[in-house]
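Have a look at the structure below, then the notes.
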Amino acid sequence: MSVMRFLAGFAVGAALGAVAGILLAPKSGEETREMLGDMASEMAKKTDATVKDIQKRADDIVSDVQGKSEEIMSKLHDMLGKNGEQSQA
């Protein structure tokens, strides 16, 4: 969880630094607005890609956990079945 917090903090810090750099640069208002719009668009694309990547990883983890739990349940079922057969004999 701390890795995700670090990455989120890093992304926010980078975005704030970029905005501050643009706002403090000696350019006209129109150029600055255009650069901010381009930055916002690029940031939205990167955010979307990151969210999709995280979602895919989460889906993979859920899939793995489901597979493992089914395997464990099957083994428990087998063990309980064998114990029941032994106690009846």
Side-chain angles (χ1 to χ4, degrees):
M1 190 67 157
S2 64
V3 173
M4 291 301 290
R5 284 186 177 199
F6 171 78
L7 292 175
F10 182 78
V12 169
L16 290 175
V19 169
I22 288 174
L23 292 176
L24 296 174
K27 295 189 179 204
S28 72
E30 186 176 335
E31 288 175 316
T32 301
R33 285 190 296 275
E34 185 177 332
M35 286 180 72
L36 286 173
D38 292 345
M39 261 184 48
S41 177
E42 186 64 30
M43 185 73 79
K45 288 178 187 175
K46 287 181 180 180
T47 302
D48 186 49
T50 301
V51 166
K52 286 180 181 177
D53 183 48
I54 291 171
Q55 189 173 24
K56 183 188 178 315
R57 289 180 185 193
D59 289 344
D60 290 346
I61 290 170
V62 167
S63 228
D64 288 346
V65 168
Q66 284 176 339
K68 293 288 183 189
S69 65
E70 289 172 5
E71 182 180 325
I72 290 169
M73 289 300 292
S74 175
K75 287 181 181 180
L76 283 173
H77 235 158
D78 290 345
M79 287 174 59
L80 290 174
K82 288 179 183 177
N83 284 340
E85 290 172 5
Q86 289 176 354
S87 65
Q88 288 179 358

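In what follows, every heavy atom counts, from backbone to side chain, and hydrogens, waters and symmetry copies are set aside.
A distance of 8.0 Å separates CD1 of Ile72 from NZ of Lys68, quoted to the nearest 0.5 Å. To the nearest 0.5 Å, the span separating CE on Met73 from CG on Leu80 amounts to 9.0 Å. Atoms OG and CE, on Ser41 and Met43 in that order, are 11.0 Å from each other to the nearest 0.5 Å.
Residue Ala15 comes nearest to Met39 through the heavy atom pair O-CE, 4.4 Å, listed as atom of the first residue, atom of the second, then distance.
Within the structure, side-chain hydrogen bond (donor to acceptor under 3.5 Å, both in side chains) contacts touching residues 43-53 (residues at least two apart or in different chains) are Asp48-Lys52, Asp53-Arg57.
Partners of Asp64 according to the salt bridge (Lys or Arg N to Asp or Glu O under 4.0 Å) rule, which considers only residues two or more places apart in sequence or in another chain, do not exist here.
Grouped by direct or indirect side-chain proximity (heavy atoms under 4.5 Å, Ile/Leu/Val/Met/Phe/Trp/Tyr only), Val51 sits alone.
For the pair Glu31 (side chain) and Ser28 (backbone), a donor-acceptor distance under 3.5 Å is present.
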